[in-house]
Amino acid sequence: DTPNVVRIVEGLEGEVAMRMELVMRFDYGRIVPSVRTVDGALLANAAAIHCTSNGESAEIAELDPDWRTTVIPLGVELDGITAARDKSWLRSRAPHLADRTVLLFLSRIDPKKGLGTLLDALARVKASGDTPGLVVAGTGEAEYVESLKTRARKLNVADDVIWAGHVAGTDKAGALASADAFVLPS
């Protein structure tokens, strides 16, 4: 049996029900070309390859124009999220940032997400005289997260950053309501 729809998932490794070796990943937003040679039959026989953006669909078409794609954006749960600004979530976690412009990084913490670049940019902005705060909401490999915290200390922005960890539900809504801007430099 061939699948109806295939979703290429970043970092996926393993075996599919067809007992076909499946190794697919994205490399900084680009689909690794070896996908075609590793599981081309799976993708060619699928009714469609699920893409979350037109950009993903175009990249797949570059690999093989005969593969069928369908674009279905990732859903966003809006329950509990309002347009109203409310810094109470931030005041309870980092009162020293509540009166500043606050940037929110809300994602898994991974090198491809660009958090290191964001810390560098924060240091440059701080050096120019502005002092925005940064909320980092997400988790990642402990060693990598620690290297980012060390980088923040070396850049003299550690006091301007709070590491909130994973946020969901009302915490996520509170983080979004507290932020002046959402930043994801990946």
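For the single chain, residues carry numbers from 1 onward in sequence order.
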In short, Gly114 meets Pro185 closest at the heavy-atom pair O-CG, 3.2 Å
Do NZ/NE/NH1/NH2 and the carboxylate oxygens of Arg108 and Asp110 come within less than 4.0 Å? yes
Starting from the C-alpha separation in whole Å, work towards a yes-or-no answer on side chain to side chain contact (heavy atoms under 4.5 Å, CB included) for Val167 and Trp89. CA-CA 11 Å; Val167 295; Trp89 181 89; 4.1 Å; yes
Please enumerate all residues that pass side-chain contact (heavy atoms from CB on, under 4.5 Å) together with Ile72, with sequence neighbours excluded. His50, Thr70
Partners of Ser88 by side-chain hydrogen bond (donor to acceptor under 3.5 Å, both in side chains), sequence neighbours excluded? Asp86
Is the NE2 atom of His166 crowded by more than 12 outside heavy atoms at less than 6.0 Å? no
Asp159 backbone acceptor or donor facing His96 side chain under 3.5 Å: yes
Please tabulate, for the side chains in residues 140-150, all donor-acceptor contacts under 3.5 angstrom to protein atoms that are two or more places apart in sequence or on a different chain.
from	atom 1	to	atom 2	distance (Å)
Glu146	OE2	Arg153	NH2	3.3
Ser147	OG	Tyr144	O	2.6
Thr150	OG1	Glu146	O	3.1
Thr150	OG1	Arg153	NH2	3.0

Table please: side-chain donor-acceptor pairs of residues 116-139 below 3.5 Å, with sequence neighbours left out.
from	atom 1	to	atom 2	distance (Å)
Asp120	OD1	Arg151	NE	3.2
Asp120	OD1	Arg151	NH2	3.3
Asp120	OD2	Arg151	NH2	2.7
Lys126	NZ	Asn156	O	2.8
Lys126	NZ	Asp160	OD2	2.8
Ser128	OG	Val125	O	2.6

To the nearest 0.5 Å, how far apart are CG in Leu90 and OG in Ser92? 7.5 Å
Only pairs at least two apart or in different chains count here, so list each salt bridge (Lys or Arg N to Asp or Glu O under 4.0 Å) that has a residue in residues 173-186. Arg85-Asp180, Lys87-Asp180
Excluding sequence neighbours, so at least two apart, what forms side-chain hydrogen bond (donor to acceptor under 3.5 Å, both in side chains) with Ser107? none
Rounded to the nearest 0.5 Å, what separation is found between the CZ atom of Arg68 and the CD1 atom of Ile60? 12.0 Å
